[in-house]
Amino acid sequence: MSNNTWQRFKKYFLHNATLGLSLDISRMPFPDDFLAKMEPAAQRAFADMAALEKGAIANPDEKRMVGHYWLRNATLAPTPELRDAIVTTLASIKDFAAKVHSGAIAAPGGAKFTQLLVVGIGGSALGPQLVNHALGRPGADKMTIHFFDNTDPDGIDYVLAALAGKLVETLVVVISKSGGTVETRNGQIEAAAAFRAAGLDYTKHFVAVTGADSKLDKTAVADRWLARFPMWDWVGGRTSELCAVGLLPAALQGIDIQAMLDGAAAMDAVTRQPVTARNPAALLALMWHHATRGRGEKDMVILPYKDRLLLFSRYLQQLVMESLGKELDLQGHVVNQGIAVYGNKGSTDQHAYVQQLREGVNNFFVTFIEVLKDRSAAASLEVEPGITAGDYLQGFYLGTRDALSEKDRPSITLTVPDVSPRTLGMLIALYERATGLYASLVGINAYHQPGVEAGKKAAGGVIALKQKLTAALAAAPGKPFTAESLAAQAGGSPELAFKILEHLAANGAVKKNAAASGNIFEATYSA
Ligand SMILES: O=P(O)(O)OC[C@H]1O[C@H](O)[C@H](O)[C@@H](O)[C@@H]1O
């Protein structure tokens with residue numbers, strides 16, 4: 001048995017010396033003829049990808065090109081204009097960051113910018129958050145980064161508390177591809193108000209990263225913000241880490257963005273090759289296909305044994321689930337595709353949900369990420385004679401992998417040398433391509449997200465109803481209404497009215513009188 005395992009390990013262990021990365025798929029229970037059987041489909045996926053990279057309209061619904069691979073090798077972009085846009089923007093990001101660091105670009109009054117507040121959500125926040133957590137060096141970074149990534153007032157206050165007294169030296173980067181995302185706009189308004197309250201002209205602190213002529217772009221132009229950087233319609237939000245969205249915050253933090261781009265370019269060069277057995281992105285996509293039977297039947301658990309990669313699963317959650325979670329295939333058939341992604345980090349998770357992975361419902365496959373380098377300091381102390389904390393971290397990874405294998409829980413292992421800008425660029429590029437190839441294997445458009453709109457539209461309806469309810473209350477000052485009676489008067493759903501009124505009452509915006517009966521639905525609300 002163990003000899004078989006060793007033989008299979010050697011057979012399905014792919015090491016790429018140029019990248020310094022290894023992929024072990026030997027513990028995925030695919031039969032030996034699986035890769036051969038899938039080869040025609042894999043070749044079709046490579047062909048789709050080649051067309052995409054040449055500038056095909058690979059996102060047919062939105063009639064857009066898909067160009068994130070050009071960002072790290074502009075010579076691949078299909079037109080000179082696009083090439084120029086990529087190169088010029090990268091140069092302007094580096095130049096801007098250098099000037100901020102030198103103090104050539106400073107706050108009014110000359111204060112050097114030391115704090116960076118990024119306002120964005122989804123693809124306009126997850127990449128910068130991942131990069132900050134993976135590569136940030138608290139105390140040594142050129143700027144300290146903070147995030148507004150939601151419209152939660154308390155979340156905003158939490159971040160503002162950390163910036164108290166420091167707004168004078170805070171640079172704010174508002175990121176939104178569409179320039180119309182409400183959560184981000186709210187964050188922008190809240191941040192501007194905080195600057196005004198501190199007696200500061202916020203426009204001299206604000207920078208926009210957005211599409212040309214978007215709402216945000218127009219605001220930035222009209223209010224003469226400090227700077228604007230472009231975001232293009234041929235880069236999707238979830239693949240935007242390596243354009244201004246991710247590069248500007250990273251460069252400002254002092255992270256080596258060129259090394260990130262070079263790592264991604266190196267991974268692209270390897271995974272562009274249509275030789276399945278030597279292509280880690282293709283092998284990943286095929287393993288996802290095998291594990292989930294091409295139907296998302298199993299969940300992808302991402303377990304990096306490295307604290308700095310904690311946010312990688314969250315980042316991949318958007319990349320994979322927003323790309324693959326689709327109702328319709330390219331022919332318009334209902335397929336309800338997708339692969340659920342979750343995970344945090346090992347060994348920590350071993351003390352939480354790994355119990356279920358080993359013994360509970362067998363509905364997942366694990367991807368372990370092993371990082372060979374323990375820490376940047378040369379030596380580690382011994383926690384036991386001859387044993388370091390890092391030895392334990394590896395021991396727990398190998399032990400958990402074996403414990404899962406014993407119970408027929410499949411796993412993949414990705415081994416990387418370190419957590420460096422280059423490695424992070426490689427990992428991002430690897431998963432971008434694996435996701436795109438998998439989408440081709442199952443025949444869906446990975447580059448749109450039609451499902452996201454439904455919730456946004458419904459939220460708009462809730463805000464409109466809130467306005468009607470408060471108007472109806474204000475028109476009859478002091479008059480008590482039940483949720484139901486007010487909904488009838490304002491013309492809206494009683495359930496939504498109830499939820500809205502409870503929220504308003506909790507925040508002192510309406511007066512609530514509990515019913516003597518104790519029945520919460522008989523409570524009344526008044527202006
Ligand atoms: O960058 P923005 O246009 O503000 O979009 C932010 C995010 O919100 C949307 O709802 C999309 O689903 C995401 O793909 C996107 O990254």
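Position 1 is the first residue of the sequence; numbering continues from there. Quantities reported herein were computed from a predicted structural model and do not represent experimental measurements.
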With the side chain counted from C-beta on, respond yes when D24 and I412 share a heavy-atom pair under 4.5 Å apart, and no when they do not.
no

Would you say that E241 contacts M260 through its side chain, given a criterion of any heavy-atom pair below 4.5 Å between the two side chains?
yes

List the steps and the verdict of ring pair (Phe, Tyr, Trp, His ring centres under 6.0 Å) for Y305 and Y397.
CA-CA 7 Å; Y305 276 65; Y397 146 59; 5.7 Å; yes

Is it true that atom CZ of R137 has more than 12 heavy atoms of other residues, nucleotides or ligands lying nearer than 6.0 Å?
yes

N279 side chain vs Q273 backbone, donor-acceptor pair below 3.5 Å:
yes

Is E169 reaching over with its side chain to a backbone N or O of T114, donor-acceptor style, under 3.5 angstrom?
no

Worked check of side-chain hydrogen bond (donor to acceptor under 3.5 Å, both in side chains) between Q258 and K94
CA-CA 9 Å; Q258 193 56 53; K94 289 179 179 173; 2.5 Å; yes

Between F229 and I175, is there a side-chain heavy-atom distance shorter than 4.5 Å?
no

Using 30° and 60° as the class limits, which term best fits the ring planes of W232 and W234: parallel, tilted or perpendicular?
parallel

Output for pair (H448 NE2, N445 CG), nearest 0.5 Å, gives 4.0 Å

Taking K99's backbone N and O only, do any of them form a donor-acceptor pair with S102's side chain (distance below 3.5 Å, no angle check)?
yes

Going by the angle between their ring planes, with limits at 30° and 60°, are Y342 and Y353 parallel, tilted or perpendicular?
perpendicular

Taking atom NZ of K54 as the centre, does the number of heavy atoms from other residues, nucleotides or ligands within less than 6.0 Å exceed 12?
no

So, does D84 use its side chain to make a donor-acceptor pair with the main chain of P80 at under 3.5 Å?
no

Can you tell me if T181 uses its side chain to pair, donor with acceptor, with the backbone of E183 under 3.5 Å?
no

For the CG atom of L284 and the CG atom of L430, what is their distance to the nearest 0.5 Å?
5.0 Å

side-chain contact (heavy atoms from CB on, under 4.5 Å) for R224 and K204? Distances and angles first, verdict last.
CA-CA 8 Å; R224 296 164 175 271; K204 305 284 186 287; 5.8 Å; no

Counting the benzene-type ring for Trp, do H133 and F312 have ring centres under 6.0 Å apart?
no

I'd like to know whether CZ of R272 has more than 12 heavy-atom contacts from other residues, nucleotides or ligands below 6.0 angstrom.
yes

Please indicate whether K142 has more than 12 foreign heavy atoms, meaning atoms of other residues, nucleotides or ligands, lying under 6.0 Å from its NZ.
no

For the pair K298 (side chain) and R293 (backbone), establish whether a donor and an acceptor sit closer than 3.5 Å, ignoring hydrogens and angles.
no

Side chain to side chain contact (heavy atoms under 4.5 Å, CB included) with S176: of D217, V209, T184, only one passes, and it is T184

So, D48 and R44, do they make that salt bridge, N to O below 4.0 Å?
no

Could you tell me whether R422 and D256 make a salt bridge, using a distance below 4.0 angstrom between a side-chain N and a carboxylate O?
no

Test the R401-F368 pair against the cation-pi criterion, namely NZ or CZ under 6.0 angstrom from the six-membered ring centroid and within 45° of the ring axis.
no

Which label fits H68 and Y447: parallel for a plane angle under 30°, tilted from 30 to 60°, or perpendicular past 60°?
tilted

Any salt bridge between D268 and R433, counting N to O under 4.0 Å?
yes

Might you point out which heavy atoms bring A191 and F206 nearest each other, and give the distance in Å?
CB-CZ, 3.8 Å

Are the side chain of K112 and the backbone of H101 linked by a donor-acceptor contact shorter than 3.5 Å?
yes

Between K177 and V245, is there a donor-acceptor pair closer than 3.5 Å when you use the side chain of the first and the backbone of the second?
no

Interatomic spacing from CE in M321 to CZ in R238 - rounded to 0.5 Å
12.0 Å

Euclidean distance, I93 CD1 relative to C243 SG, rounded to 0.5 Å:
7.5 Å

Go through the steps to decide whether V172 and Y202 satisfy the test side-chain contact (heavy atoms from CB on, under 4.5 Å), and finish with yes or no.
CA-CA 9 Å; V172 179; Y202 76 89; over 6 Å; no

Are more than 12 heavy atoms, taken from residues, nucleotides or ligands other than K10, located less than 6.0 Å from that residue's NZ atom?
yes

Considering residues, nucleotides and ligands other than F9, do more than 12 of their heavy atoms fall under 6.0 Å from its CZ?
yes

Sub-3.5 Å donor-acceptor pair from the side chain of R83 to the main-chain atoms of A77, do we have one?
yes

Test: D213 and K218 ion pair at under 4.0 Å:
no

Considering non-hydrogen atoms only, spot the tightest contact between Y431 and T367 and give its length.
OH-CG2, 3.5 Å

When every non-hydrogen atom of L242 is compared with those of L247, the smallest separation belongs to O-CD1, 3.2 Å

P78 side chain reached by W70 side chain, heavy atoms, under 4.5 Å:
yes

Does D307 form a salt bridge (charged side-chain N to carboxylate O under 4.0 Å, His left out) with K345? I'd like the steps, not just the answer.
CA-CA 6 Å; D307 288 0; K345 59 171 177 156; 2.9 Å; yes

List the steps, then state whether side-chain hydrogen bond (donor to acceptor under 3.5 Å, both in side chains) holds for E190 with N186.
CA-CA 6 Å; E190 292 258 2; N186 294 355; over 6 Å; no

Evaluation steps, side-chain contact (heavy atoms from CB on, under 4.5 Å), between T170 and L116:
CA-CA 6 Å; T170 300; L116 173 61; over 6 Å; no

Any salt bridge between R72 and E53, counting N to O under 4.0 Å?
no

Taking the side chain from T423 and the backbone from V419, do they hold a donor-acceptor pair closer than 3.5 Å?
no

Heavy-atom distance under 4.5 Å between the side chains of Y12 and R27, does that happen here?
no

Worked verdict on Q188 versus T219 for side-chain contact (heavy atoms from CB on, under 4.5 Å):
CA-CA 11 Å; Q188 171 198 322; T219 303; 3.9 Å; yes

